[in-house]
Amino acid sequence: MQHIFHHNSSGNNAYTNELLSKEVLRAISLHPVKKYEYQYRLHNFLNYRKIVDLRQRYLELKREVFKLRNDMANSSASTLKTTTTTRQEDNFEVESEFENLAFDKNENLSCHLTKNRFYLAPSLKTVENLSKREHRHDFDFFTRSLFASSYISPKRGLEGYWKKILNDNIRQIMDEINENSIERGRLIDFKDILYGYMRHHPLYGIDFVLDILLVYRKYEGRKMTVPVRRHAYVRNTYSGLMFREDNFDSSIYFQLPEKYRSGTNRPSEADKSHFFGENKNLVKRLAGLVIPDMVKNLFAPSKTSSDNEPTQANKSLIIDANLVSINFTQTNSFYTNKIVQDKRIHFVLPLTGRWQIFTRFMKNYEDVCLKRRENAMLVVVLFQSEETKLILDEKSGLLMKQSDKIEQLFQHLNQKYSLDDQLKLVVKGNKFSRSIGCEIGAALFDPRQLIFFVDVDIHFTSDFLLRARLNTIEFKQVYYPIVFSEYDPDEPGEAIKILDSGADSSAQSSRVRENHLDLNMDTGYWRQFGFGIVAVYNSDLRRVGGFDTSIVGWGKEDVDLYEKFVKSNMTIFRSVDPGLIHVFHKIECDPSLAEEQMIMCLGSKSTSIASQRKLAQLVFEKRAYMKVSRVENFFNLSVLKKINQEAKVK
């Protein structure tokens, strides 16, 4: 009774963590649910489990149809022909699916099985030609750690997602084993995974070979309790892509409350008619598919009644991508012109000093935004004090303040491209604080405007601007791109010498890569734990509380904002973005930084030296072993000295 009427003793944190657990799945009641948000979360989870079960049943039926269809094809070609040509109006879709699953005698068996791989029964055997190395997918071995040849570091810990998949697989395995335990008078408990192998196949799914330690408990007849080892062969099969297509009026961009809607953002009936007329050939091709209603909803203008309300209700159609092949590339122009490109992106750049780096950023901004007439605006928040270095003006030969140089540059660009208030400079005399700079810049814009917080070291492309507009949805979603961060272009041995000597690395000259878009494992890495670059609507920024302006110095303000979005009801869209590159620069950690910020700074500094492969090559060549050891000690001593100094002051 304690299991089926489950009581969670976590208090206010009850059912706030992972719901996919044995305790939740086998219960018929859950107590306590302290907040209505948790009740909605439980409801969504149960709906999700229902969808999973339905899709599994759907897949099993498709596999059965596939097997029967091929058996019919192999046994009698004439029977197959009769079946596919005899149709009735009400089973048109089903017969069309049969045709897609039919085996063409002229088709290569491997190609046929690959095309219909979703309907094959799970198996560790693949259909590729295993004599070719590129068709073989190696297994990785794991115990408490993962041993993999595909990683630079062959031994690593099991990531959280692997543990989650393994736990879910073990739960399903044990449910199947104990399905008839009452009738058989025995119970088998899971004890541990002794070892296992796993591989990822991009076409079929994830395969596991598990050595499992079980405990066999017999409680009827001759009672016994004995340990048992068994092997389990598991495949987490990928299923076919299913997507939902809505008509224009039910698009995510128009699902806002009426008071928030902007009339200029919504496509008019004239826009739809124009689009429909320009794409008649596309519509004719789509009209012959199994789902003609979807085509009408997507491309035809809506018919309205006398009271100007659409007569056809907005429908959401669930489509199996294996049954239809639709090329939507010709529809991009409508969405791009009418929805995406009309969004203005407001760049906010906090800055202090670094004039040469700023001119490089402005050259990039000019090439991507000004020359291409992108709908964008740039606000530079400059922190300038008496200690800020003056800049030599090449024309006059005089030393000028950085603010004057930036104003001069903005005037030149305004005249060159006939800009209308698209470049703006705000000057502050405070000590540099990125959080304050971001808040000052955001305060200049209306709540409904899209803001992109950027650093001066970022190199971006026009493709990124498109992704920022698409992936940032007001009231719903914030875009946190994962930036590609460059390694030091200098030889790693030289970079280590600078760190080892304790010299001011920011004062060292560093060459800059000519091609910032050359993305590979030796030129840089994806900065998974960087959260400073973000695209967000100003209203959403205000709703979560904005930046913490009490944070000064290097780092931490971005993590604080990210945590605020995590705790809110906003969706965080996070993905690698090849259109954002953090150009390498020497890092100097301010000795006055707090302990946590100092550790973060030193970590970023050491990560940017070179790739693991190049550092390993130095060690193998026996040229940097002692230097690497001293660098590690240098990092540790720097942190320890900082902590000791603070302790003495206290």
Side-chain angles (χ1 to χ4, degrees), residues 346-365 376-393 398-411 413 421-445 451-460 483 504-507 530-534 536 538 541-542 545-562 582-594 596-598 600-601 604-605:
H346 301 80
F347 286 70
V348 174
L349 174 63
L351 180 68
T352 180
R354 309 186 68 191
W355 170 250
Q356 297 296 332
I357 309 299
F358 176 71
T359 55
R360 183 186 67 201
F361 175 86
M362 288 306 302
K363 178 65 169 63
N364 178 216
Y365 185 86
M377 177 180 180
L378 172 64
V379 173
V380 177
V381 182
L382 176 66
F383 291 83
Q384 181 174 264
S385 62
E386 297 297 331
E387 291 78 18
T388 304
K389 293 182 180 179
L390 298 177
I391 300 169
L392 178 64
D393 183 44
L398 301 176
L399 293 175
M400 300 177 62
K401 291 183 178 180
Q402 185 172 359
S403 57
D404 296 334
K405 285 289 291 181
I406 294 177
E407 287 285 7
Q408 188 183 79
L409 174 62
F410 282 3
Q411 288 179 4
L413 294 175
D421 196 30
Q422 291 176 248
L423 299 172
K424 186 176 182 63
L425 174 65
V426 179
V427 182
K428 290 293 176 181
N430 314 29
K431 184 179 180 181
F432 176 77
S433 170
R434 188 175 186 272
S435 58
I436 294 176
C438 291
E439 281 294 313
I440 292 174
L444 300 175
F445 306 124
I451 301 177
F452 174 52
F453 295 104
V454 66
D455 287 342
V456 72
D457 303 297
I458 294 296
H459 177 90
F460 63 95
V483 178
D504 184 357
S505 58
S506 63
F531 305 100
I533 311 302
V534 55
V536 60
N538 202 7
L541 180 69
R542 301 274 69 84
F547 287 90
D548 184 355
T549 55
S550 66
I551 299 175
V552 296
W554 191 94
K556 201 176 177 182
E557 84 290 332
D558 52 349
V559 178
D560 177 78
L561 180 64
Y562 183 80
H582 180 271
V583 180
F584 176 82
H585 62 90
K586 301 293 185 181
I587 299 175
E588 179 62 26
C589 299
D590 190 342
S592 63
L593 288 174
E596 186 177 355
Q597 290 174 296
M598 174 64 76
M600 293 170 63
C601 182
S604 178
K605 186 175 184 177

Among Val348, Ile533, Val534, the one residue meeting side-chain contact (heavy atoms from CB on, under 4.5 Å) with Phe452: Ile533

Nearest-0.5 Å distance that lies between atom CG in Leu541 and atom CD in Glu439: 6.0 Å

If I compare all heavy atoms of Val454 with all of Pro350, which pair ends up nearest, and what's the gap? O-CD, 3.7 Å

Contact check, side chains of Leu425 and Ser403, non-hydrogen atoms, under 4.5 Å: yes

Is the shortest side-chain N to carboxylate O distance from Asp457 to Arg354 below 4.0 Å? yes

Any side-chain heavy atom of Ile406 sitting closer than 4.5 Å to one from Val427? no

Picking from Phe347, Tyr562, Phe547, what satisfies ring-ring contact (aromatic ring centres under 6.0 Å, His included) with Phe453? Phe547

Have Arg360 and Asn364 got a donor and an acceptor in their side chains that come within less than 3.5 Å? no

Relative to each other, are the rings of Phe358 and Phe410 parallel, tilted or perpendicular (30° and 60° limits)? tilted

Can we say Arg434 and Asp455 salt-bridge, meaning some charged N sits less than 4.0 Å from an Asp/Glu carboxylate O? yes

Could you tell me whether the side chain of Met362 reaches within less than 4.5 Å of the side chain of Leu413, counting heavy atoms only? yes

To the nearest 0.5 Å, atom NZ of Lys428 lies from atom CG of Leu351 at 15.0 Å

Does a side-chain heavy-atom distance below 4.5 Å link Leu378 with Lys424? no

Spacing of CG belonging to Asp558 relative to CG belonging to Asp548, to within rounding of 0.5 Å: 12.0 Å

Value rounded to 0.5 Å, distance of CG in Leu409 from OG1 in Thr359: 8.5 Å

Over all heavy atoms of both residues, which pair between Ile551 and Ser435 is shortest? Give the atoms and the distance, please. O-OG, 3.1 Å

Nearest-0.5 Å distance that lies between atom OG1 in Thr352 and atom CG in Leu382: 6.5 Å

For the pair Tyr365 and Leu423, evaluate side chain to side chain contact (heavy atoms under 4.5 Å, CB included) and give the outcome as yes or no after the intermediate values. CA-CA 11 Å; Tyr365 185 86; Leu423 299 172; 3.9 Å; yes

Hey, could you give me the CG/CZ distance between Asn538 and Phe445, rounded to the nearest 0.5 Å? 8.0 Å

Within 6.0 Å of NZ in Lys401, more than 12 heavy atoms from elsewhere: no

